[in-house]
Amino acid sequence: MNTILKSVSARGMLVACLLVAAFACPAASFAQEKYDVKANYQKREYRVEMRDGVKLFTSVYVPKDTSRTYPIMFSRTPYTVSPYGEDKYKGLLGPSEHFMREGYIFVYQDVRGRFMSEGEYVDVRPHKPRKTGATDIDESTDTYDTIEWLVKNIPNHNGRVGMWGISYPGFYTSMGLLGAHPALKAASPQAPIADWFIGDDWHHNGTLFLAHTFPFYASFGLPRPQPTTERPDPGFKPETLDGYKFFLDMGALPNANAKYYKNKRAFWNEMMAHPTYDDYWKARNVPQHLSGIKPAVMTVGGWFDAEDLYGALHTYEAIEKKNPGIYNTLVMGPWLHGGWAGMDGDTLGDINFGEKTGVFYREKIEFPFFQCVLKDKCEEKLPEAYVFETGSNRWRKFDSWPPKNARQTELYLDAGGRLSFNAPAATAATRAFDEYVSDPWHPVPHLNRISFGMTGDYMIQDQRFATRRPDVLVYQTEPLDKEITLAGPVAANLTVSTTGTDSDFIVKLVDVFPEDTPDPDPNPKQLRMGGYQMLVRGEPMRARFRNSWERPEAMTPNQPTKIEFVMPDTSHTFRKGHRIMVQIQSTWFPLVDRNPQKFVNIYQARDADFQKATQRVYRAGRNGSHLKLTVLP
């Protein structure tokens, strides 16, 4: 792993290892040492030819027991199928150890243009719905051609194929569903990419997730002129692993190239050339294509997935709307990105969920899904939505998502930092507001600790440090006299003004624990859970995109302006005695790139463009800012 990524926590390192190295981590991280893969499986390596003549490097692990047939489990990755060499074996095969112990044929493939595969690599290669010849390729054709080759050339299979993948491999799984090969019977896109401008990975509502994008493309974005087993060296080391200092010192976004990238990361340059939701990004929108699907689908995501929570929810939603009647289920747990695959899942950050949710998922949800579809070993069919409800800490089953009986409830900002379920009276103070000064050269940090990049658990972290900032507005309810359970999206409806001509507005929904909440026992970190402010949901919105992702508009200085956006779904119970809190701010650094607070092309901005601005949030009458919560009765 390159130096840029070494500042993640030990727990985050596990997930980073899992995802960035595409399951190339030491086997001890994920599987019991006592299982001997080499004693039970035979490994072969192939270069499978696609319809246009390009050959893709493919590793195949076949059970040595030939007395029965097996389904094929297939995963495609840009992160390497290592280890390379027919005498070198992975320590874990399949999504979890249950699969390799049960007996499957496992297939791993370097996607086109990555590591040992031939061809040109394209980030989130756009799908081509209409193809006119062998040269019209995309990820769906590469998947189809590989499965066709597998069923014709790999012995002892039962004619059924399943696909799975997390993050980028989840995207390739989604693509495999389009015009699927008849042998593909089951697929599980896990944390799949859905839209790289609206809500996944690099962009959220038009903002750039700088602390995620820059470290990732430092290495991943470098060219690979010929097949190789080696990872590229970024070619530079950051002066500090304090991301707040590093990115602030870097300055405006053009300095990334001037100081570090040196124009050697093609996709970074493409992002900088496409600052709006133009055809470049629209071509990479996945949900628009998710129709005509025949395999059974289980989409998986984490409520605290810092990378592709949007992707999981919108992949499921699109498949459900466009493919009525198919086997389509959604699984959501209290996990960070990929946490369901290799972690116990009983804790995340400082929060304890009371059970090993990851273990439960792998044994009781994921494994039975594939066993049923691929081996006819069916127990209970999965519900439409199988979700873990945080706060109450329990698994729940629903026949739709969001649940059909959920209703919309408004939560209003009120005077004195209060939150109320009743709209403030429309009095003479209809222009009542709260204000703060946003300074992009002194931005609000997104974490209360030192980290170079985006940490996997930032979405659940304690927010007490932020409430102490003068540039963060804080509103909260009285202690709740009964539980309130959210089950669905959270919408922010703000009326704001700025002295500048553009701004970001970050809205955070927070669960405030009672002061008498007991501390953990044992408590090696010396946590104080009394008054803990658990982030439940938080998202930025770039005001220039308030009316259109394609055509940004400047804000008129000092003019009240409505800004509405939807944050990803949640499943969370605010317990009796807890408070609901809302925080509003205009910087969230270095997670989100800084807005100059001037209507300029931010991707071409100069350091001199960044200016202070006074932000007002209005909270009365027609201008009453509020959140819309999706609540269960």
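Throughout, residue positions are numbered sequentially from 1 according to the sequence presented.
- No side-chain donor-acceptor contact under 3.5 Å links Thr276 and Asp278.
- With hydrogens and angles ignored, the 3.5 Å screen pairs no side-chain donor or acceptor of Asp511 with any backbone N or O of Met534.
- Contact annotation: the side chain of Val490 never approaches that of Val566 to less than 4.5 Å [non-hydrogen atoms, C-beta and beyond].
- Under the 4.5 Å side-chain criterion, counting only non-hydrogen atoms from C-beta, Val600 is not in contact with Gln604.
- A distance of 9.5 Å separates NZ in Lys562 from CG in Leu494, rounded to the nearest 0.5 Å.
- Of the possible polar contacts, none joining the Thr573 side chain to the Thr485 backbone as a donor-acceptor pair under 3.5 Å is found.
- Side chain of Ser586 to backbone of Asp504: a donor-acceptor contact under 3.5 angstrom is found.
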Intermediate values then yes/no, side-chain hydrogen bond (donor to acceptor under 3.5 Å, both in side chains), Asn448 and Asp462: CA-CA 8 Å; Asn448 195 29; Asp462 187 1; over 6 Å; no
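- Between Val444 and Asp471 there is a side-chain heavy-atom pair separated by less than 4.5 Å.
- Summarising the geometry, atom OG1 belonging to Thr213 is positioned 4.5 Å from atom CG belonging to Leu208; distances are rounded to the nearest 0.5 Å.
- Remark: side-chain polar atoms of Tyr168 are paired, donor with acceptor, to backbone N or O of Val124 under 3.5 angstrom.
- Scanning for salt bridge (charged side-chain N to carboxylate O under 4.0 Å, His left out) contacts around Arg125 gives Glu139, with sequence neighbours left out.
- Residues satisfying the salt bridge (charged side-chain N to carboxylate O under 4.0 Å, His left out) test with Asp439, not counting sequence neighbours, are none.
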Check against side-chain contact (heavy atoms from CB on, under 4.5 Å), Leu309 and Met459: CA-CA 11 Å; Leu309 169 58; Met459 290 180 65; 4.0 Å; yes
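- Side-chain polar atoms of Asp201 and His212 form a donor-acceptor pair below 3.5 angstrom.
- The CD atom of Gln288 sits 9.0 Å away from atom NE2 of His127, with the distance rounded to the nearest 0.5 Å.
- Atom CZ of Phe505 sits about 5.0 Å away from atom CD1 of Ile563, to the nearest 0.5 Å.
- Outside the 6.0 Å centre-distance limit, the rings of Phe209 and Phe214 are not counted as a close aromatic pair.
- Judged by the 6.0 Å distance and 45° axis criteria, Arg284 is positioned over the aromatic ring of Tyr280.
- Between Trp549 and Phe545, the two ring planes are tilted [angle within 30° to 60°].
- Of the possible donor and acceptor atoms, one in the side chain of Asp200 sits under 3.5 Å from a partner among the backbone N and O of Gly311.
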Worked check of side-chain hydrogen bond (donor to acceptor under 3.5 Å, both in side chains) between Tyr532 and Asp350: CA-CA 10 Å; Tyr532 193 94; Asp350 302 327; 2.9 Å; yes
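- Between Asp434 and Arg619, at least one side-chain N (NZ, or NE/NH1/NH2) sits under 4.0 Å from a carboxylate O, which counts as a salt bridge.
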Derivation of the side-chain contact (heavy atoms from CB on, under 4.5 Å) call for Thr495 and Val617: CA-CA 6 Å; Thr495 301; Val617 178; over 6 Å; no
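- Using a distance-only test at 3.5 Å, with no hydrogens or angles considered, no donor-acceptor pair links the side chain of Arg546 to the main chain of Arg542.
- In this structure, Gln408 and Thr630 have side chains that are in contact, with non-hydrogen atoms separated by less than 4.5 Å.
- Proximity of a side-chain donor or acceptor of Gln611 to a complementary backbone N or O of Gln597 within less than 3.5 Å is detected.
- In this structure the side chain of Leu411 never reaches within 4.5 angstrom of the side chain of Tyr475, judged on heavy atoms.
- How far CG of Leu591 is from CG of Leu210: 9.0 Å, rounded to the nearest 0.5 Å.
- Gln463 and Lys508 are linked by a side-chain donor-acceptor pair at a separation below 3.5 angstrom, with hydrogens and angles left out of the test.
- Between Tyr217 and Trp196, the two ring planes are perpendicular [angle over 60°; tilted spans 30° to 60°].
- Looking at heavy atoms from C-beta onward, Pro334 lies out of side-chain contact with Leu348 at the 4.5 angstrom threshold.
- Using modelled atom types, no side-chain atom of Arg418 and backbone atom of Asp414 make a donor-acceptor pair closer than 3.5 Å.
- Contact check for Tyr79 versus Pro169: side-chain heavy atoms found under the 4.5 Å cut-off.
- The aromatic rings of Phe216 and Phe220 are tilted relative to each other, their planes meeting at an angle between 30° and 60°.
- The distance between the ring centers of Trp281 and His203 falls below 6.0 angstrom.
- Summarising the local packing, NZ of Lys245 is surrounded by 12 or fewer heavy atoms from other residues, nucleotides or ligands at distances under 6.0 Å.
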Steps toward side-chain hydrogen bond (donor to acceptor under 3.5 Å, both in side chains) verdict (Gln583, Gln533): CA-CA 11 Å; Gln583 297 179 9; Gln533 296 177 10; 3.3 Å; yes
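- Side-chain contact check for Gln615 and Thr498: at least one donor-acceptor pair (N or O, by modelled atom type) lies under 3.5 Å.
- Judged by a 6.0 Å distance limit and a 45° cone about the ring axis, Arg594 is positioned over the six-membered ring of Phe610.
- Of the possible donor and acceptor atoms, none in the side chain of Thr561 sits under 3.5 Å from a partner among the backbone N and O of Ser497.
- If you check the side chains of Trp401 and Asp569, you find a donor sitting under 3.5 Å from an acceptor.
- Using the six-membered ring where Trp is involved, Tyr412 and His626 have ring planes that are tilted, between 30° and 60° apart.
- His578 has its ring centre no less than 6.0 Å from the ring centre of Phe574.
- A salt bridge between Lys282 and Glu550 is present, with a side-chain N of the basic residue lying under 4.0 Å from a carboxylate O of the acidic one.
- Side-chain atoms of Ser451 and Tyr244 include no donor-acceptor pair closer than 3.5 Å.
- More than 12 heavy-atom neighbours from other residues, nucleotides or ligands sit within 6.0 angstrom of NE2 on His274.
- A donor-acceptor pair under 3.5 Å links the side-chain atoms of Arg579 to the main chain of Thr477, judged by distance alone.
- Listed here is the closest heavy atom pair of Pro568 and Leu313: CB-CD1, 4.1 Å.
- Using a 4.5 Å heavy-atom threshold, the side chains of Asp305 and Trp340 count as touching.
- Taking NE2 of His204 as the start and CZ of Phe197 as the end, the distance is 12.0 Å to the nearest 0.5 Å.
- For the pair Arg537 and Trp303, the NZ or CZ position fails the cation-pi test of under 6.0 Å to the six-membered ring centre and within 45 degrees of the ring normal.
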